[in-house]
Asks: 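I am attaching a structure below and will ask some questions about it afterwards.
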Amino acid sequence: MSKVRTRFAPSPTGVLHIGSIRTALFCWLYARRHGGQFILRIEDTDRERSKPEHIDAILDGLAWLGIDADEGPYYQSQRMDQYNAVVERWLDEGKAYRCYCSKEELEAMREAQKAAGEHVRYDGRCRHLEEPKPGIEPVVRFRNPLDGEVVVEDLVRGRVVFENAQLDDLIIARSDGSPTYNFTVVIDDYDMQVTHVIRGDDHLNNTPRQINMFEALGVAPPAFAHLPMILGSDGAKLSKRHGAVDIRDYREQGYLPEAVLNYLVRLGWSHGDQEIFCVDEMTALFDIADVNQSASQFNPEKLLWLNQQYIIATPADRLGDELGKQLGAIGLDADDGPDPADVAEGYRERAQTLREMAEKARYCYEDDCEVDGKQAKKHLRPVILEPLKDVREKLAALDDWSESAINNAIHDTADAFDINIGKIGQPLRIAVTGGPVSPPIDVTLKLVGRERSLARLDAAIDYITERAQGQKAS
RNA sequence: GCUCCCUUCGUCUAGUGGUUCAGGACGCCGCCCUCUCACGGCGGUAACACCGGUUCGAAUCCGGUAGGGAGUGCCA
């Protein structure tokens, strides 16, 4: 059995789509699983739409996810000589021919076919042309077999049969001489010795034509596996309006690459009831035979859940690095507050993305801390004034601003006033964070730091004092 | 229109003729834990598109219907 070789062949005509990533992942996993090679090939034969920035996006995206190629990237734009050589050879051998039909003529033909309820296809009118038509730059068409059938033994779809009579003579070289997709794919997959073509569902219809071209080349076609599509959360084709489809958006929003991979691998593939797969498990367990045949809808909530699972499981120092970047992204400076790793430790169970974590920890990195009016009204009441003053004194007296020391101080106050820890905890939290939600109060105070904590407590005490006087006055 | 593909809870899926009045996960609801919020634990909600056939027996096999999707380009 020859070594498995798969390839991911995106065209740089847009962003690196989340659906494309899933395809890349399956190709990569399959190669890794079988100890084979994974090849990256950039299909940039469309010179109009191919852009260098899109190539960068592809490379960056794959690198971020850890999907590493053993070969490539190859660029089709650099392989024109190979394509041209085959076009010439096929022309000589009669496997291809020049077609002089104008776009208008083709259009009229299609209209007529449609009107007649026929399958729309090129009717081969230039097949037997003896003489070139002067003044027209012809395209080159592949001479597809007229009859018989092409059987695709698809690894996920099973046996799919196409009639050659339904296929037509596709263009392999444009009038400017440039080769087209269906042709270059075949040449490349052969040249690069690809053994398994794993790609999106949308290519299933191209497969019989490609098999015919492998035949013309005189070589055996690779195995094919067509993956079901990924739809948006409303069942429609995935697009911008479903939120993020660009893989870079996920990095920016604070998703962990292993969470994205884990989410994607479970779209169209499963291993019993298992939900969490680290990359090593995926590569050990993945098999094309377990890929299902139906399209799946993208579910942002589940991705969020998975991301949090990974946040919970990831060591604090790495989380800290990522959180530091997120803080920067929202205009905060990690140097203006606690070590982001400590914040991550306190917030890993409280945030689904690192971006969310940064937003929630804003109060740790800014001097200003606006207290939510409603919360102040609810929790910063005169009854708590004395306990708050007391705990403020105890905290100020601490020579060690540690969680346990802070915790002791709070408990002492609670005991002294014979109140529950919650009675003092929530006002403290409001005072020090501005809101009603944060990690355990001792952790929170530790993160905010002594200076800011005391200052904010003073502000809260002033606020309550004023409020108490107002009450007395009225 | 024509060709091809698909169809289990709202969503991702398990299930490959009987051990399943269908299991897990996300979401949602409830309870527990608890200084808040989470996390965690426990419980609940909810599906075999439809109609025929094969079979002692079908979510599982076959046919049809309906619905969805892809392709039908000098795009990939």
Side-chain angles (χ1 to χ4, degrees), chain A residues 9-14 43-46 48-50 76 99 101-103 106-107 110 113-121 137-141 152 154 157-158 160-163 165-168 170-176 178 180-182 184-185 200-208 226 228-229 231 233 235-237 263 266-276 292-306 308-309 312 347-352 360 375 379 407 410 414 420-430 433 435-442 444:
Chain A
S11 63
T13 53
E43 309 218 320
D44 54 354
T45 51
D46 185 342
E48 296 285 297
R49 299 195 298 149
S50 294
Q76 289 191 323
C99 168
C101 295
S102 67
K103 289 179 183 176
L106 260 17
E107 188 56 37
R110 290 187 192 109
Q113 289 169 334
K114 211 167 220 171
E118 291 169 17
H119 185 80
V120 176
R121 58 192 285 280
E137 281 304 324
V139 298
V140 178
R141 288 182 184 271
V152 181
D154 193 273
R157 301 293 152 147
V160 184
V161 181
F162 295 85
E163 299 288 331
Q166 298 292 340
L167 273 24
D168 64 359
L170 64 293
I171 292 172
I172 59 174
R174 302 180 180 95
S175 48
D176 68 359
S178 62
T180 60
Y181 166 76
N182 272 298
T184 56
V185 166
D201 214 347
D202 45 342
H203 290 294
L204 183 55
N205 286 301
N206 290 327
T207 308
H226 287 93
M229 299 197 62
L231 273 18
S233 48
K237 193 170 177 179
Y263 178 70
R266 284 285 289 99
L267 248 31
W269 176 83
S270 61
H271 180 73
D273 287 338
Q274 190 171 342
E275 295 288 348
I276 310 282
N292 67 203
Q293 306 177 326
S294 49
S296 40
Q297 293 184 26
F298 190 86
N299 184 344
E301 282 80 30
K302 188 156 183 179
L303 205 211
L304 242 16
W305 173 76
L306 263 172
Q308 179 166 31
Q309 294 302 308
I312 288 172
Y347 268 101
R348 64 196 327 154
E349 284 162 354
R350 271 164 270 262
Q352 294 186 299
K360 284 184 166 171
Q375 294 299 331
H379 293 284
N407 198 38
I410 296 171
N420 287 332
I421 198 81
K423 282 271 190 293
I424 181 84
Q426 202 59 356
L428 266 174
R429 176 150 24 233
I430 303 296
T433 72
V437 174
S438 82
I441 194 62
D442 50 350
T444 299

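A note on names: the letters A, B, ... follow the listed sequences, proteins ahead of strands, and every chain is numbered from 1.
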Asks: Across all strands shown, which nucleotide pairs with B:C26 by Watson-Crick or G-U wobble geometry, both distances under 3.5 Å?
Replies: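 Paired with B:G10.
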Asks: Mind checking the C1' distance from B:A14 to B:C56? Whole angstroms is fine.
Replies: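 The answer is 27 Å between these two C1' atoms.
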Asks: Taking the side chain of A:Val139 as its heavy atoms from C-beta onward, which of B:A76, B:C74, B:A14 lies nearest to it?
Replies: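 The listed nucleotide nearest to A:Val139's side chain is B:C74.
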Asks: Which base sits across from B:C31 as a Watson-Crick or G-U pair, both distances under 3.5 Å?
Replies: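 With both distances under 3.5 Å, B:C31 matches B:G41.
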Asks: Taking only the C1' atom of each, what is the distance from B:A22 to B:U13 in whole angstrom?
Replies: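 Taking atom C1' in both B:A22 and B:U13, they lie 13 Å apart.
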Asks: For A:Val160, answer base if it contacts any base atom (sugar-phosphate contacts may also be present), sugar-phosphate if it contacts only those atoms, and nothing otherwise; contact means non-hydrogen atoms under 4.0 Å.
Replies: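 Result for A:Val160 = sugar-phosphate.
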Asks: Quote, to the nearest angstrom, the C1' distance that separates B:C62 from B:U55.
Replies: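 12 Å, rounded to whole Å.
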Asks: In terms of side-chain heavy atoms of A:Asp442, which of B:U3, B:C35, B:G27 is nearest?
Replies: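 Among B:U3, B:C35, B:G27, the one nearest the side chain of A:Asp442 is B:C35.
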Asks: In whole angstrom, give me the gap between the C1' atoms of B:C61 and B:G68.
Replies: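 Comparing C1' positions in B:C61 and B:G68 gives a spacing of 24 Å.
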Asks: Using modelled atom types and a 3.5 Å cut-off, is there a donor and acceptor pairing between side-chain atoms of A:Glu43 and backbone atoms of A:Gln76?
Replies: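 Flag not set: sc A:Glu43 to bb A:Gln76 has no pair under 3.5 Å.
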Asks: Could you report the tightest heavy-atom contact between A:Thr444 and A:Pro439, atom names first, then the distance?
Replies: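 Nearest pair, atom of A:Thr444 first, then A:Pro439: OG1-O, 2.7 Å.
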Asks: When the distance from CZ of A:Arg266 to P of B:G24 is rounded to whole Å, what number comes out?
Replies: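 These atoms are roughly 14 Å apart.
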Asks: Hey, is the main chain of A:Ile171 close enough, under 3.5 Å, to the side chain of A:Thr180 for a donor-acceptor pair?
Replies: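 Yes, because the side chain of A:Thr180 sits within donor-acceptor range (under 3.5 Å) of the backbone of A:Ile171.
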Asks: Taking the C1' atom in each of B:C21 and B:A46, what is the distance between them to the nearest angstrom?
Replies: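 Taking atom C1' in both B:C21 and B:A46, they lie 15 Å apart.
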Asks: Could you check how far CZ of A:Phe298 sits from C1' of B:G27, rounded to whole Å?
Replies: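 After rounding, the gap between these two atoms is 15 Å.
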Asks: Could you check how far CD of A:Gln293 sits from P of B:C12, rounded to whole Å?
Replies: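 For the pair A:Gln293 CD and B:C12 P, the rounded distance is 15 Å.
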Asks: If you go through the side-chain atoms of A:Arg429, does one of them form a donor-acceptor pair with the base of B:C37 closer than 3.5 Å?
Replies: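 Not at all, since no donor on one side and acceptor on the other fall under 3.5 Å apart.
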Asks: Under 4.0 Å from OP1 or OP2 of B:U36: is there any side-chain N or O of A:Thr444 that close?
Replies: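 So the side-chain polar atoms of A:Thr444 never come under 4.0 Å of the phosphate oxygens OP1 or OP2 of B:U36.
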Asks: Given side chains that start at C-beta, do those of A:Ser50 and A:Pro12 come closer than 4.5 Å, heavy atoms only?
Replies: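 A side-chain contact under 4.5 Å exists here.
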Asks: Using the C1' atom as the point on both nucleotides, what is the distance between B:U11 and B:C28, in whole Å?
Replies: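 It comes out at 12 Å once rounded to the nearest Å.
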Asks: Give a yes/no answer on whether the side chain of A:Asn206 brings an N or O atom under 4.0 Å of OP1 or OP2 in B:A76.
Replies: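 No.
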Asks: According to the Watson-Crick and G-U wobble definitions, with both distances under 3.5 Å, which nucleotide is paired to B:U36?
Replies: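 No nucleotide pairs with B:U36.
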Asks: Just name whichever nucleotide pairs with B:A49, Watson-Crick or G-U, keeping both distances under 3.5 Å, else none.
Replies: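 With both distances under 3.5 Å, B:A49 matches B:U65.
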Asks: I want to verify a distance call: between B:U13, B:C26, B:C5, whose nearest atom is closest to the A:Asp201 side chain?
Replies: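 Looking only at side-chain atoms, A:Asp201 lies closest to B:C5.
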Asks: Does A:Gln426 make a side-chain N or O approach to OP1 or OP2 of B:C35 shorter than 4.0 Å?
Replies: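 For B:C35, OP1/OP2 do not have a side-chain N/O of A:Gln426 under 4.0 Å.
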Asks: To the nearest Å, how far apart are A:Asn205 CG and B:C5 C1'?
Replies: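 So the CG-C1' distance, A:Asn205 to B:C5, works out to 8 Å.
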Asks: Would you classify A:His203 as touching base, sugar-phosphate or nothing, given that sugar-phosphate means primed atoms plus P, OP1 and OP2, and contacts are heavy atoms under 4.0 Å?
Replies: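 Result for A:His203 = base.
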Asks: Whole angstroms only, please: what is the NZ-C1' distance between A:Lys302 and B:G10?
Replies: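 Atom NZ in A:Lys302 sits about 13 Å away from atom C1' in B:G10.
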Asks: Look at all strands and tell whether A:Pro228 reaches a base, only sugar-phosphate, or nothing, counting heavy atoms closer than 4.0 Å.
Replies: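 It contacts nothing in the nucleic acid.
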Asks: Under a 4.5 Å cut-off applied to non-hydrogen side-chain atoms, are A:His226 and A:Thr207 in contact?
Replies: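 Result yes, sub-4.5 Å side-chain heavy-atom pair found.
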Asks: Establish, with yes or no, whether the OP1 or OP2 oxygen of B:G1 is under 4.0 angstrom from a side-chain nitrogen or oxygen of A:Arg110.
Replies: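 Result: no.
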Asks: Would you kindly compare A:Glu301 and A:Ser294 by the position of their nearest RNA chain B nucleotide and give the one closer to the 5′ end?
Replies: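 Its nearest nucleotide being more 5', the pick is A:Ser294.
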Asks: So, are A:Asp201 and A:Arg157 salt-bridged, with charged N and O less than 4.0 Å apart?
Replies: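 Salt bridge present between A:Asp201 and A:Arg157.
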Asks: Between A:Ser270 and B:A14, is there a side-chain N or O to OP1/OP2 distance below 4.0 Å?
Replies: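 Answer is yes, contact under 4.0 Å.
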Asks: Any heavy-atom pair between the side chains of A:Leu106 and A:Arg110 that's under 4.5 Å?
Replies: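 Side chain of A:Arg110 against side chain of A:Leu106, heavy atoms only: contact under 4.5 Å found.
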Asks: Taking the side chain of A:Gln166 as heavy atoms from C-beta outward, which of B:U3, B:A76, B:C26 is closest to it?
Replies: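 Output: B:U3.
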Asks: Between A:Gln76 and A:Pro440, just flag the one whose closest nucleotide in RNA chain B comes earlier from the 5' side.
Replies: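 It is A:Pro440 whose nearest nucleotide is closer to the 5' end.
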Asks: Say you pick atom C1' in B:G27 and the same atom in B:U34; how far apart are they, in whole Å?
Replies: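 Between the two C1' atoms, the distance is 24 Å.
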Asks: Please state whether the base of B:G23 and the side chain of A:Asp273 form at least one donor-acceptor pair under 3.5 Å?
Replies: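 Answer yes: a donor N or O sits under 3.5 Å from an acceptor.
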Asks: With a 4.0 Å cutoff (strictly under), does any side-chain N or O of A:Gln309 reach OP1 or OP2 of B:G40?
Replies: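 True: A:Gln309 side-chain N/O within range (under 4.0 Å) of B:G40 OP1/OP2.
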Asks: So what does A:Ile441 hit on the nucleic acid, given a heavy-atom distance under 4.0 Å: a base, only sugar-phosphate, or nothing?
Replies: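 Counting heavy atoms under 4.0 Å across all strands, the contact made by A:Ile441 includes a base.
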Asks: Using modelled atom types only, decide if a donor and an acceptor are shared between the side chain of A:Tyr181 and the backbone of A:Asp46 within a distance under 3.5 Å.
Replies: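 Answer holds: no.
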Asks: Rounded to whole angstrom units, what separation is found between the CD atom of A:Gln297 and the P atom of B:G68?
Replies: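 Result: 14 Å.
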Asks: Is any side-chain heavy atom of A:Ile276 less than 4.5 Å from a side-chain heavy atom of A:Leu306?
Replies: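 The answer is yes; the side chains approach within 4.5 Å.
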Asks: If I take atom CZ in residue A:Phe162 and atom P in nucleotide B:C2, what distance separates them, rounded to the nearest angstrom?
Replies: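 Between P of B:C2 and CZ of A:Phe162: 17 Å.
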Asks: May I ask which nucleotide in the shown strands pairs with B:U16, Watson-Crick or G-U wobble, both distances under 3.5 Å?
Replies: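 Checking every strand shown, B:U16 finds no partner, since no pair has both distances under 3.5 Å.
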Asks: Counting distance alone, no hydrogens or angles: does the base of B:C74 have a donor or acceptor under 3.5 Å from a partner atom on the side chain of A:Thr180?
Replies: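 Answer is no: no donor-acceptor pair is held.
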Asks: Base, sugar-phosphate, or nothing: which does A:Gly200 touch, judged by heavy atoms less than 4.0 Å apart?
Replies: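 Counting heavy atoms under 4.0 Å across all strands, no contact is made by A:Gly200.
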Asks: Indicate whether the side chain of A:Thr433 and that of A:Arg429 have a donor and an acceptor atom separated by less than 3.5 Å.
Replies: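 Short answer, no.
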Asks: Mind checking A:Asn182 for me? I need base, sugar-phosphate or nothing, with any heavy atom below 4.0 Å counting as a touch.
Replies: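 It contacts base atoms.
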Asks: Searching all strands shown, indicate the nucleotide that pairs with B:A59 (Watson-Crick or G-U wobble; both distances under 3.5 Å).
Replies: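 The base-pairing partner of B:A59, which may sit in any strand shown, does not exist here.
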Asks: Is B:C2 paired to anything, Watson-Crick or G-U wobble with both distances less than 3.5 Å, and if yes, which nucleotide?
Replies: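 Base-paired to B:G71.
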Asks: A:Ser296 has a side chain; which of B:C12, B:C74, B:C75 sits nearest to it?
Replies: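 The closest nucleotide is B:C12.
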Asks: Does a distance-only test, which skips hydrogens and angles, find a donor-acceptor pair under 3.5 Å between the side chain of A:Glu118 and the base of B:G1?
Replies: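 No such pair is found, so the answer is no.
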Asks: Tell me which nucleotide among B:U36, B:G71, B:C74 gets nearest to the side chain of A:His119.
Replies: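 From the listed options, B:G71 comes nearest.
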Asks: Determine whether any donor atom in the side chain of A:Arg157 lies under 3.5 Å from an acceptor atom in the base of B:C5, or the reverse, and answer yes or no.
Replies: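 Per atom types, no contact qualifies.
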Asks: Would you tell me if any nitrogen or oxygen in the side chain of A:Ser11 comes within less than 4.0 Å of OP1 or OP2 on B:C75?
Replies: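 Checking B:C75 against A:Ser11, no side-chain N or O comes under 4.0 Å of OP1 or OP2.
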Asks: Do any side-chain nitrogens or oxygens of A:Arg174 fall under 4.0 Å of OP1 or OP2 in B:A76?
Replies: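 So the side-chain polar atoms of A:Arg174 do come within 4.0 Å of the phosphate oxygens OP1 or OP2 of B:A76, strictly under.
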Asks: Please work out if A:Asn299 contacts a base, only the sugar-phosphate, or nothing of the nucleic acid, heavy-atom cut-off 4.0 Å.
Replies: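 Base: the residue A:Asn299, judged by heavy atoms under 4.0 Å, touches a nucleobase.
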Asks: To the nearest angstrom, how far is A:Lys103 atom NZ from B:C75 atom C1'?
Replies: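 It works out to 12 Å between those atoms.
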Asks: Could you give the distance separating B:U45 and B:C39 at their P atoms, to the nearest angstrom?
Replies: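 B:C39 and B:U45 have their P atoms separated by 22 Å.
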